[in-house]
Amino acid sequence: MSDKPMTYGSYLALDELLALQRPKSGGRDHDEMLFIVIHQVYELWFKQILHELDYLTGLFERDDLPRSMHTLKRVLAILKIAVAQVDVLETMTPLEFESFRERLESASGFQSAQFRELEFVLGARRDGVLERFGAGSPERARLEARLVEPSLWDRFLAFLAARGLDVPQDARSRDLAQSVEPSTGVQAVLVDIYRGDPALAELCERLVDLDEGIQEWRYRHVKMVERTIGAKMGTGGSPGVEYLRSTLFRPLFPDLWAVRAEL
C-alpha cells in the first residue's frame with residue numbers, strides 16, 4: 001500500500017489521463033488537439049452509458065421501477081452533453097481539419113468499438129459490423145459477447161412479462177443477432193400500458209426519449225461530418241456521409257413509435 005496521501009490528481013490518474021493527447025503533428029496543427037480531446041471525451045461518455053445500461057438491465061431483472069427511471073434520466077442527460085459537444089467540434093473549419101486529416105491514416109470513427117457495443121446493447125444489430133474488428137481482438141470479443149445477449153428492449157419485454165403482462169412469446173424468443181422488428185402483439189400490450197398504467201407508461205416515455213436522443217446524436221454527427229468534409233470519402237476509406245445518412249431515422253424501439261397512432 002502506498003504511503004502517499006490520496007490527492008485529486010492521483011485519484012483521477014490525471015498524469016496518465018492528460019498524457020494521452022498526442023497529436024501526430026507534434027502540436028504544429030493547432031486544431032488536432034481539439035479533435036483528439038473531443039473524441040476521447042466521447043469514448044469516456046460511451047463507457048459511462050454502457051455502464052449505466054448494464055446497471056439498468058439488472059434493475060429490470062429486480063423489478064426496480066423507480067431506480068430504472070432514475071438511471072434512464074442519467075443516460076438521457078449524458079446524451080444531451082454528447083449532442084452539445086458537436087457544437088464544439090463544428091468550430092473547426094474544413095480547412096483546419098484538412099490540415100491534419102492525412103495524419104489519421106486508416107483511423108476512422110467506424111472503428112469505435114464502444115459505439116458499436118452501445119448499438120448492440122440498444123438492439124441495433126447489423127451484419128458486417130464485426131468484420132471491422134480483428135478476429136481474436138478484445139474489441140471483437142466484447143462485441144461478440146454483446147451480440148448473443150438480450151438487448152435492452154428484450155430485457156424490457158422480460159420485465160413486463162415478469163409483471164404479468166401478456167408479452168407474445170415470439171417477441172421474447174426472437175433471433176438476438178438481428179435488430180428489433182415491430183410486433184403487433186407487443187404494441188397491443190403497450191397500448192394497454194399507456195391507457196391503464198401511468199407508472200409504466202412513464203417508463204415507456206423515457207425509452208422513447210432514449211431512442212430519440214440516439215437519433216438526434218446521429219443526425220448532428222451526420223451534419224457535422226457533411227459540413228467538414230462534404231461528399232468526400234471518410235477517413236480510413238470509410239463511406240462517409242452517404243453511409244451515415246442511411247443510419248438516420250431508424251428507431252431502436254419501433255413498437256413504442258407505432259403505438260402513437262393508437263393512443
Without swapping roles, check the side chain of [X] against the backbone of [Y] for a donor-acceptor pair under 3.5 Å.
| X | Y | value |
| --- | --- | --- |
| Arg140 | Leu130 | yes |
| Ser173 | Gln169 | yes |
| Arg125 | Val129 | no |
| Glu32 | Ser25 | yes |
| Asp255 | Gln187 | no |
| Glu202 | Ala199 | no |
| Asp29 | Asp31 | no |

May I ask you to check whether over 12 heavy atoms, not counting those of Tyr219, lie within 6.0 Å of atom OH?
-> no
Can you pull the side-chain hydrogen bond (donor to acceptor under 3.5 Å, both in side chains) pairs that have at least one residue in residues 65-74, sequence neighbours excluded?
-> Glu52-Arg74
Solution key, residues 33-41 side-chain donor-acceptor pairs under 3.5 Å, sequence neighbours excluded:
unit_1, atom_1, unit_2, atom_2, d
His39, ND1, Phe35, O, 2.8
Gln40, OE1, Gln21, NE2, 2.5
Gln40, NE2, Leu20, O, 2.9

Test side chain to side chain contact (heavy atoms under 4.5 Å, CB included), reference Leu152, set Asp54, Leu122, Val180, output is Leu122
Establish, from distance only, whether the side-chain atoms of Asp154 and Ser151 form a donor-acceptor pair under 3.5 Å.
-> yes
Apply the test ring-ring contact (aromatic ring centres under 6.0 Å, His included) to residues Trp217 and Phe115: give CA-CA distance (whole Å), side-chain angles for both, the deciding distance (0.1 Å), then the verdict.
-> CA-CA 12 Å; Trp217 187 87; Phe115 186 72; 5.2 Å; yes
Do the charged groups of Arg250 and Glu119 touch, with an N to O distance under 4.0 Å?
-> no
Test: Arg206 and Asp209 ion pair at under 4.0 Å = yes
Going through the distances and angles, do Trp153 and Phe156 end up as a ring-ring contact (aromatic ring centres under 6.0 Å, His included)?
-> CA-CA 5 Å; Trp153 183 250; Phe156 174 64; 5.2 Å; yes
Report the C-alpha separation of Lys80 and Val83 in whole Å, then their side-chain angles, then the decisive distance to 0.1 Å, and conclude whether the side-chain contact (heavy atoms from CB on, under 4.5 Å) test is met.
-> CA-CA 5 Å; Lys80 287 182 183 298; Val83 171; 5.9 Å; no
